[in-house]
Amino acid sequence: APFDLDKLCVSIGDHIDRRGHCIIVVAEGAGSENFSPEAQDLGFDASGNKKLPDIGIWLKEHTKSWWSARGRTIQVRYMDPSYQVRSVRANTSD
């Protein structure tokens with residue numbers, strides 16, 4: 001799913017100004033157009049699914065640098081839920 005980094009960063013800044021914080025959730029595969037073809041070629045996992053570049057880390061770094069270039073420092077924390085999801089016991093609702 002493509003997105004415009006400038007519009008996203010402006011939106012983030014507006015939200016921080018209003019609420020004091022901003023939470024962004026991104027799905028695997030979002031923003032893949034921001035990666036070079038070489039960076040997108042990560043092969044396949046054991047199930048045969050194409051591995052995708054990590055948009056979360058990319059977004060964290062680019063958001064910080066976008067605001068830094070405009071003279072504003074923002075704190076960005078990246079949390080990858082995959083460990084948390086895999087660290088709990090499986091149950092019947094999985």
Side-chain angles (χ1 to χ4, degrees):
F3 62 87
D4 183 296
L5 183 64
D6 291 326
K7 288 180 183 178
L8 177 63
C9 287
V10 168
S11 226
I12 290 169
D14 291 345
H15 195 82
I16 290 172
D17 291 342
R18 284 192 319 273
R19 305 289 299 233
H21 68 278
C22 182
I23 297 174
I24 300 170
V25 178
V26 293
E28 182 180 41
S32 58
E33 71 280 357
N34 294 298
F35 295 96
S36 69
E38 297 79 28
Q40 290 185 37
D41 188 17
L42 300 174
F44 296 87
D45 65 14
S47 299
N49 300 310
K50 183 178 178 184
K51 291 183 182 180
L52 301 170
D54 196 336
I55 189 63
I57 293 170
W58 182 91
L59 192 56
K60 174 188 175 187
E61 296 307 317
H62 280 75
T63 302
K64 285 172 58 173
S65 64
W66 192 94
W67 278 107
S68 179
R70 285 150 183 83
R72 182 172 180 179
T73 301
I74 63 169
Q75 268 189 20
V76 181
R77 293 184 180 98
Y78 172 70
M79 295 188 296
D80 182 350
S82 62
Y83 177 75
Q84 294 151 336
V85 171
R86 293 183 186 108
S87 66
V88 296
R89 185 178 310 191
N91 60 41
T92 57
S93 65
D94 282 344

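Note that the structure is predicted; figures quoted are calculated from it, not measured. As a basis for the values below, the full set of heavy atoms in this structure was taken, side chains included, without hydrogen atoms, waters or symmetry mates.
Considering all non-hydrogen atoms of both residues, His21 and His15 come closest at O-CD2, 2.9 Å.
At a threshold of 4.5 Å between non-hydrogen side-chain atoms, the residues Trp58 and Val26 do not count as touching. At a threshold of 4.5 Å between non-hydrogen side-chain atoms, the residues Ile74 and Trp66 do not count as touching.
A distance of 8.5 Å separates OG in Ser11 from CD1 in Ile24, rounded to the nearest 0.5 Å. Note: Glu61 CD to Ile57 CD1 = 8.5 Å, rounded to the nearest 0.5 Å. Atoms CD1 and CD, from Ile16 and Gln75 in turn, are 10.0 Å apart once rounded to the nearest 0.5 Å. One distance of note links CG of Asp14 with CZ of Arg19; it measures 13.5 Å at 0.5 Å rounding.
The backbone N or O of Leu59 lies less than 3.5 Å from a partner atom in the side chain of Thr63, making a donor-acceptor pair.
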